[in-house]
Amino acid sequence: MNLNTKGLLPEHMEHRGKLTLKENLKIVENILEQRKIPEVGIDEEHIKLLLRLLSFMDTDKDPNVIQIGEREARVYTKLQRESVFDFCHGVGRSGNLTDPQPKAPGASAMYKLTNKILESFLKVLGLKVNAIATPVATGMSLALCLSASRKKYGSNVVIYPYASHKSPIKATSFIGMRMRLVETVLDGHIVKVDVGEIEDAIKREIKDKNNPVVLSTLTFFPPRKSDDVVEISKVCDEYEIPHVINGAYAIQNFYYIDKLKKALKYRVDAVVSSSDKNLFTPIGGGIVYTKDEEFLKEISLTYPGRASSNPVVNILISLLAIGSKNYISLMKQQKECKKLLDDLLEDLARKKGEILLQVENPISSCITTKKDPLDVAGKLYNLRITGPRGVRKNDHFGTCYLKEYPYNYIVVNSAIGVKKEDIYLVVEKLNSVL
């Protein structure tokens with residue numbers, strides 16, 4: 001950027017000022033040139049500068065523009081502009097989420113940059129995949145993936161190893177596909193689905209001349225165990241069946257990432273994760289990633305119309321602000337907090353005559369309660385503790401088990417961003433309630 005300040009300052013001061021300006025602009029230039037997540041996070045002022053420069057490329061910022069269309073980013077208040085970081089034209093074009101928008105060169109560049117940085121971030125975590133940020137949360141992102149499977153492979157039935165999560169069930173209903181549930185079984189304290197039963201469901205649907213797609217679950221509340229996505233991927237590969245994985249909060253823990261790395265060697269058409277659960281954004285954005293670049297393109301084609309730029313910008317802001325080094329540090333803290341949580345709950349269970357359930361989950365823990373778990377959860381809420389879930393043993397939806405579970409229990413989470421002092425306090429409050 002060549003600013004003419006000649007004659008406004010003494011020459012030595014002009015030179016010094018331009019040097020400072022150049023160094024500040026260099027930070028923004030490096031982001032645009034390198035197109036990968038910075039190792040060390042960038043401060044908010046430089047992120048604002050980047051967003052402002054890109055948004056000034058959109059046609060609604062042209063001081064001499066003549067706007068006569070029905071969509072001209074006409075915004076009534078400055079507050080509304082600020083709410084979308086001035087990317088008022090949104091992203092995408094009708095019929096393709098990732099297509100450049102002629103009226104929004106800046107927003108189009110911002111979206112492309114976000115996806116490049118997102119891919120570099122996933123690569124740092126060991127996932128060499130293609131990725132897009134979606135302007136919708138996990139459930140609707142799953143709907144986009146299933147819709148793409150229907151279009152590309154003629155899928156007409158979703159095989160769903162049962163997890164009592166409304167979003168995937170509603171996503172399937174939303175796009176008008178039939179869902180075939182695969183029953184859960186009890187294995188010790190764990191609720192799981194046998195891969196053999198999934199394979200049998202695939203065989204039956206194929207025999208009935210249907211084209212199934214498997215929607216597996218990698219991350220969920222215990223005692224429901226993660227689906228064996230590696231073995232499911234092998235089965236889907238063998239039968240040439242598309243496979244979508246719901247990994248809502250999979251990015252924040254290497255336990256899940258390692259499973260994904262192994263599964264991606266076989267048949268995984270798409271993985272969906274949440275931006276708010278993993279990247280500290282407001283709710284509303286999703287992350288879709290896969291090694292199948294063609295299928296990712298098909299997913300982008302399923303989105304109807306243009307989309308709000310807000311969820312995409314929030315993903316970009318988080319990636320730039322956190323940086324890869326700090327994110328890895330946050331992952332380590334999450335793991336430490338989970339161990340602390342389990343140790344404290346084990347002590348609490350021993351004191352109260354309860355059981356810390358063995359549920360094989362790197363994020364959440366379960367402790368039994370002889371009291372009404374809904375009452376316990378309600379009291380925790382009134383004590384200003386948010387997050388714990390109380391589940392009665394006959395609550396089939398809550399336990400993911402289509403028969404009665406052996407215990408009433410409380411689920412306590414230790415997700416990324418939780419601090420050790422939070423863990424101490426929640427167990428202290430739980431002790432007082434139990």
Point to revise | Considering all heavy atoms, the nearest Ile410-Gly390 contact | key: CD1-CA, 3.7 Å
Check your understanding: For Cys88 and Val75, which heavy atoms make the closest approach, and how far apart are they?
Key -> SG-CG2, 3.6 Å
Point to revise | Within 6.0 angstrom of Ile206 CD1, more than 12 heavy atoms from elsewhere | key: yes
Exercise for review: Mind checking the CD-CG spacing from Glu205 to Asp200? Nearest 0.5 Å is all I need.
Suggested key: 12.0 Å
**Study point:** Which residues share a side-chain hydrogen bond (donor to acceptor under 3.5 Å, both in side chains) with Lys332, sequence neighbours left out
**Key:** none
Practice item. Classify the side-chain pair Glu354/Tyr407 by whether it contains a donor and acceptor separated by less than 3.5 Å. Key: no
**Study point:** side-chain hydrogen bond (donor to acceptor under 3.5 Å, both in side chains) involving Asp422 - partner list, sequence neighbours excluded
**Key:** none
Review point. Between Asp347 and Arg350, does a salt bridge (Lys or Arg N to Asp or Glu O under 4.0 Å) hold up when you go through it step by step?
Key: CA-CA 5 Å; Asp347 289 341; Arg350 193 161 40 247; 2.5 Å; yes
Exercise for review: Working to the nearest 0.5 Å, report the span between CG of Asn314 and OG of Ser275.
Suggested key: 7.5 Å
Exercise for review: Just do the side chain to side chain donor-acceptor pair (under 3.5 Å) check on Asn413 and Ser364 with the steps written out, would you?
Suggested key: CA-CA 4 Å; Asn413 303 301; Ser364 305; 2.4 Å; yes
Exercise for review: List for me each residue that meets side chain to side chain contact (heavy atoms under 4.5 Å, CB included) alongside Arg392, sequence neighbours excluded, and say none if there are none.
Suggested key: Asp372, Pro373, Leu374, Asn394, Asp395, Asn408
Check your understanding: Quick one: does Ser216's side chain have a donor or acceptor within less than 3.5 Å of a partner on Ile245's backbone?
Key -> no
Exercise for review: Calculate, to the nearest 0.5 Å, the distance between atoms CG and OG1 belonging to Leu215 and Thr217 respectively.
Suggested key: 6.0 Å
Revision key, fill the gap. Across all chains, not counting sequence neighbours, the salt bridge (charged side-chain N to carboxylate O under 4.0 Å, His left out) partners of Lys151 are Glu298
Check your understanding: Within a radius of less than 6.0 Å around NZ of Lys36, do more than 12 heavy atoms belonging to other residues, nucleotides or ligands occur?
Key -> no
Practice item. Using the ring of Tyr153 (Phe, Tyr or Trp, six-membered ring only), decide whether Arg267 places NZ or CZ under 6.0 Å from its centre and within 45 degrees of its axis. Key: yes
Review point. How long is the span from the SG atom in Cys366 to the CG atom in Asn361, to the nearest 0.5 Å?
Key: 7.5 Å
Exercise for review: Check for a donor-acceptor pair, side chain of Asn431 on one end and backbone N or O of Leu348 on the other, with a separation under 3.5 Å.
Suggested key: no
Practice item. Would you check if there is a donor-acceptor pair between the side chains of Asp276 and Ser274 at a distance under 3.5 Å? Key: yes
Review point. So, for Pro362 and Lys338, which heavy atoms are closest and what is the spacing to 0.1 Å?
Key: O-CG, 3.4 Å
Practice item. Using the test side chain to side chain contact (heavy atoms under 4.5 Å, CB included), find all partners of Glu44 that sit at least two apart in sequence or belong to another chain. Key: none
Check your understanding: Is the closest side-chain donor-acceptor distance between Asp228 and Ser226 under 3.5 Å?
Key -> no
Point to revise | Ala133 versus Ile315, closest heavy-atom pair with distance | key: CB-CD1, 3.5 Å
Check your understanding: What distance do Lys225 atom NZ and Glu360 atom CD have between them, rounded to the nearest 0.5 Å?
Key -> 4.0 Å
Point to revise | With Asp292 via side-chain hydrogen bond (donor to acceptor under 3.5 Å, both in side chains) - residues at least two apart | key: none
Point to revise | Residue list, side-chain hydrogen bond (donor to acceptor under 3.5 Å, both in side chains) with Gln334, at least two apart or on another chain | key: Asn253
**Study point:** Side-chain touch Ile175/Arg150, heavy atoms, less than 4.5 angstrom
**Key:** yes
Indicate every side-chain donor-acceptor pair of residues 49-57 with a distance under 3.5 Å to a residue at least two apart or in another chain.
from, atom 1, to, atom 2, distance (Å)
Arg52, NH1, Asp86, OD2, 2.5
Ser55, OG, Leu51, O, 3.2
Ser55, OG, Arg52, O, 2.9

Review point. Should Met110 and Val312 be marked as a side chain to side chain contact (heavy atoms under 4.5 Å, CB included) after you check the CA-CA gap, both sets of side-chain angles, and the distance that decides it?
Key: CA-CA 9 Å; Met110 179 275 297; Val312 176; 3.8 Å; yes
Review point. Is there a side chain to side chain donor-acceptor pair (under 3.5 Å) between Asn96 and Ser300 once you walk through the steps?
Key: CA-CA 5 Å; Asn96 190 348; Ser300 75; 2.9 Å; yes
**Study point:** Residue Glu294 excluded, over 12 heavy atoms near CD under 6.0 Å
**Key:** no
When the side chains of residues 159-173 are checked against the rest of the protein, which donor-acceptor pairs come out under 3.5 Å, sequence neighbours left out?
from, atom 1, to, atom 2, distance (Å)
Tyr160, OH, Ala163, O, 2.9
Ser164, OG, Phe397, O, 2.1
Thr172, OG1, Pro168, O, 3.0

Practice item. Determine, for Lys371 against Asp375, whether the closest basic-nitrogen to carboxylate-oxygen distance falls under 4.0 angstrom. Key: no
Review point. Are any side-chain N or O atoms of Ser108 and backbone N or O atoms of Ala104, one a donor and one an acceptor, separated by less than 3.5 Å?
Key: yes
Exercise for review: Would you confirm whether Gln358, through its side chain, and Leu356, through its main-chain N or O, come within 3.5 Å as a donor-acceptor pair?
Suggested key: yes
Practice item. Answer with yes or no whether the side chains of Ser141 and Thr134 bring together a donor and an acceptor at under 3.5 Å. Key: yes
Check your understanding: With a 3.5 Å cut-off and no angle check, do the side chains of Asn278 and Ser273 form a donor-acceptor pair?
Key -> no
Point to revise | Audit row: Leu218, Asn246, side chain to side chain contact (heavy atoms under 4.5 Å, CB included) steps and yes/no | key: CA-CA 6 Å; Leu218 180 60; Asn246 179 5; over 6 Å; no
Practice item. Not counting sequence neighbours, which residues clear side chain to side chain contact (heavy atoms under 4.5 Å, CB included) with Met331? List them please. Key: Leu125, Phe254, Ile257, Tyr327, Ile328, Ile416
Review point. Counting heavy atoms not belonging to Arg74, are there more than 12 under 6.0 Å from its CZ?
Key: yes
Review point. Between Asp208 and Arg204, is there a salt bridge with N-O shorter than 4.0 Å?
Key: no
Review point. Any donor-acceptor pair under 3.5 Å linking the side chain of Asp187 with the backbone of Ile190?
Key: no
Point to revise | Shortest non-hydrogen contact between Cys145 and Val272, atoms and distance | key: SG-CG2, 3.6 Å
Point to revise | Non-hydrogen atoms of Thr290 and Ala270 that approach each other most closely | key: CB-CA, 4.0 Å
**Study point:** With sequence neighbours excluded, residues passing side chain to side chain contact (heavy atoms under 4.5 Å, CB included) with Leu380
**Key:** Val376, Ile385, Pro388, Lys429, Leu430, Val433
Exercise for review: Mark yes or no: Lys123 above the aromatic ring of Phe121, with NZ or CZ under 6.0 Å from the six-membered ring centre and no more than 45 degrees from the axis.
Suggested key: no
Review point. In chain order, what residues pass the salt bridge (charged side-chain N to carboxylate O under 4.0 Å, His left out) check against Lys234, with sequence neighbours excluded?
Key: Glu231
Practice item. Tell me yes or no: between the side chains of Asn211 and Ser155, is some donor less than 3.5 Å from an acceptor? Key: no
**Study point:** Interatomic distance, Thr114 atom OG1 to Leu319 atom CG [nearest 0.5 angstrom]
**Key:** 7.5 Å
